[in-house]
Novice: 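Below are the structure tokens for one structure; questions will follow.
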Amino acid sequence: MANLQVGQRVQRVSGAVNLKNPTNEVGKSNVSAWATVVYVHPAGRFHMVEFDGGLRESFAGAAE
């Protein structure tokens, strides 16, 4: 697996907000969305992405 780089586009599923269903309607699940890597921990412990629309969220690891 390659290490992530700041500025790289990735697909992630947000655990904080349902990006495709912000009103959290029953029966609709979250799906992956495109985001840009904005930070990678120097030791590769986590990375932060910014989803289209401005929401930022952290994810474990620094590999694709």
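Just the heavy atoms: all of them, side chains too, but no hydrogens, waters or symmetry mates, feed the values below.
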Novice: With sequence neighbours left out, write down each residue that passes side-chain hydrogen bond (donor to acceptor under 3.5 Å, both in side chains) with Thr36, or none if nothing qualifies.
Specialist: Arg9
Novice: Would you say Leu55 and Leu4 are hydrophobically clustered, going by side-chain heavy atoms of ILVMFWY under 4.5 Å?
Specialist: yes
Novice: Identify every side-chain donor-acceptor pair in residues 37-49 under 3.5 Å, counting partners at least two apart or on other chains, and give the distances.
Specialist:
| residue | atom | partner | partner atom | Å |
| --- | --- | --- | --- | --- |
| His41 | ND1 | Ala43 | N | 3.0 |
| His47 | ND1 | Phe59 | O | 3.4 |
| His47 | ND1 | Gly61 | O | 2.6 |
| His47 | NE2 | Arg12 | NE | 3.3 |
| His47 | NE2 | Arg12 | NH2 | 3.3 |

Novice: Go through the structure and list residues passing side-chain hydrogen bond (donor to acceptor under 3.5 Å, both in side chains) with Glu50, not counting sequence neighbours.
Specialist: Arg56
